[in-house]
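A short write-up of the structure that comes next.
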Amino acid sequence: MNNIQELALQPREKDEHFRILVIGRANAGKTTLLKRVCNTDEDPCIYDKENKLRGIHDINRPFAFRSNPQFIFHDSPGFETGDESQLKKVQNFIKERAKVTDVQEQLHAIWFCFTPNKTRFLLELEEKFFNEDSWSNVPVIAIFTKFDDFIAQVFDPNLDYETNRKNAQTKLEELQVPLFKYKYPPRAGVCLEDMHTDKGNHQQQVKLLMKKTAESLDDLALKRLVLRQPLSMVGVTTLWNVTYIFAESKYSQKELVQDTVLWFRHAYSVIE
């Protein structure tokens, strides 16, 4: 049995949850994003140590959605107030989670949500966040929400929509350049749009976000963990595992099929 097979067959109980810190300014669309990720319209459940439902997000109090409890989220407001104590609070949270040995209590990823603004793309404390050591190798994924609003910001009425859209994409790419040149830059970036309406291709955008998140992780077990999602994510899981297997080894067609399906619980009997 090879390493990939051994990892795929490890008990699931030890890695039941994937824990994400979500950072973003007010009205960045964080809640809408998380509802799309968890494929639900319900509000999140926030519990204290006595399992009492509460309604105020606190970075130290995790929350989840009943429809998809595999994801555990921690919410942090953005840094638009200029309060440096908020930045320190986030940094301390990341630092403390880095000391935890239990994989379920560790922080696995950070989703940093930006609402693109052509006049001031990054705030001073946001710049500090990406320039100061957080004492952790937890990957940060930059999520640029509300791209549809950004198109409106740069819209030229003398041009057609497709041209304006391309111009907005080019402008956003230009604005991102400094972000990825900081001392501790994001490992990936994802642009999202129309997440608040029913007309958007939400599943495709969520799949891209999950794919980017998995690719940013160093640990193979965590890659598997983030991709253990509902049926809407099966395509991403299959694609990533096939890609990984091809990259890591020279497999026969039979070995490729066997090692891929091992990652799905309902396929174990087929392998046996």
Side-chain angles (χ1 to χ4, degrees), residues 10-78 89-90 92-113 136 138-143 145 190 192 195-196 202-203 205-214 216-217 219 221-234 236-237 240 263-265:
Q10 287 177 1
R12 265 46 176 186
E13 290 78 11
K14 292 184 178 180
D15 54 0
E16 183 180 356
H17 302 297
F18 189 82
R19 189 177 300 271
I20 302 171
L21 170 61
V22 186
I23 305 173
R25 304 177 199 172
N27 300 315
K30 292 185 293 181
T31 301
T32 300
L33 168 62
L34 301 187
K35 287 184 176 182
R36 293 300 185 187
V37 167
C38 294
N39 195 25
T40 184
D41 292 325
E42 66 185 1
D43 290 327
C45 297
I46 309 167
Y47 293 93
D48 61 17
K49 293 181 179 179
E50 287 74 35
N51 290 328
K52 295 179 181 178
L53 187 63
R54 305 180 68 90
I56 301 175
H57 290 196
D58 184 288
I59 193 171
N60 292 303
R61 183 176 290 120
F63 65 94
F65 293 88
R66 289 187 179 93
S67 61
N68 195 342
Q70 294 95 334
F71 278 125
I72 300 295
F73 299 106
H74 292 261
D75 181 30
S76 170
K89 186 175 182 179
V90 170
N92 288 337
F93 173 82
I94 297 171
K95 183 178 180 180
E96 291 304 312
R97 287 283 167 173
K99 298 176 183 177
V100 176
T101 57
D102 184 350
V103 67
Q104 289 202 74
E105 296 297 324
Q106 291 173 353
L107 182 63
H108 302 132
I110 299 171
W111 288 352
F112 204 120
C113 298
S136 172
V138 176
V140 178
I141 314 301
I143 304 176
T145 63
V190 178
L192 306 177
M195 298 296 279
H196 63 293
H202 308 129
Q203 283 200 352
Q205 295 186 76
V206 167
K207 287 179 181 179
L208 177 60
L209 172 58
M210 303 313 295
K211 180 175 180 289
K212 293 290 187 179
T213 301
S216 299
L217 296 165
D219 186 274
L222 289 179
K223 290 177 184 285
R224 180 195 67 190
L225 180 57
V226 73
L227 292 173
R228 282 177 50 214
Q229 295 307 312
L231 291 178
S232 62
M233 295 302 301
V234 167
V236 179
T237 310
W240 181 83
W263 291 72
F264 299 91
R265 299 180 186 181

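Values reported hereafter were calculated over all heavy atoms of this structure, with side chains retained and with hydrogens, waters and symmetry mates removed.
Expressed to the nearest 0.5 Å, how far CZ of Phe112 lies from NZ of Lys30 amounts to 9.5 Å. Annotation: the span from Gln203 atom CD to Asn39 atom CG amounts to 6.0 Å, rounded to 0.5 Å.
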Criterion side chain to side chain contact (heavy atoms under 4.5 Å, CB included) on Met195 and Val206, from CA distance to verdict: CA-CA 10 Å; Met195 298 296 279; Val206 167; 4.3 Å; yes
Could you walk me through whether Val90 and Ile59 pass the side chain to side chain contact (heavy atoms under 4.5 Å, CB included) check? CA-CA 8 Å; Val90 170; Ile59 193 171; 4.0 Å; yes
Leu34 and Ile20: side chain to side chain contact (heavy atoms under 4.5 Å, CB included), yes or no, with the steps? CA-CA 11 Å; Leu34 301 187; Ile20 302 171; over 6 Å; no
Under the side chain to side chain contact (heavy atoms under 4.5 Å, CB included) criterion, do Glu105 and Arg19 qualify, and how do the steps go? CA-CA 8 Å; Glu105 296 297 324; Arg19 189 177 300 271; 3.7 Å; yes
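Screening Val140, Leu209, Leu21 for a side chain to side chain contact (heavy atoms under 4.5 Å, CB included) involving Trp111 leaves a single residue, Leu209.
Ring geometry for Phe65 versus Phe73: interplanar angle over 60°, hence perpendicular rather than tilted (30 to 60°). Ring orientation note: the planes of His74 and Phe93 are tilted relative to one another, at an angle of 30° to 60°.
Of the possible polar contacts, none joining the Thr32 side chain to the His196 backbone as a donor-acceptor pair under 3.5 Å is found. Side-chain atoms of His108 come within 3.5 Å of backbone atoms of Val103 as a donor-acceptor pair (strictly under, hydrogens ignored). Using modelled atom types, no side-chain atom of Lys212 and backbone atom of Ala142 make a donor-acceptor pair closer than 3.5 Å.
Glu42 approaches Arg66 most closely through the heavy-atom pair OE2-N, 2.8 Å. Between Ala214 and Lys223 the shortest heavy-atom distance is O-NZ, 2.9 Å. Listed here is the closest heavy atom pair of Gln106 and Val100: NE2-O, 3.1 Å. Annotation for Ser216 and Pro139: closest pair O-CB, 3.6 Å, computed over non-hydrogen atoms. Shortest non-hydrogen contact noted between Val138 and Ser136 is CG2-OG, 2.9 Å. Nearest heavy-atom pair across Ile141 and Thr213 is CG1-OG1, 3.9 Å.
In this structure, the side chains of Ile23 and Ile110 come closer than 4.5 Å at one or more pairs of heavy atoms.
Heavy atoms of other residues, nucleotides or ligands lying less than 6.0 angstrom from CG of Asn27 number 12 at most. In Asn60, the CG atom is crowded: over 12 heavy atoms of neighbouring residues, nucleotides or ligands sit closer than 6.0 Å.
At a threshold of 4.0 Å, the pair Asp43-Lys35 counts as salt-bridged, since one of the basic side-chain nitrogens sits closer than that to a carboxylate oxygen.
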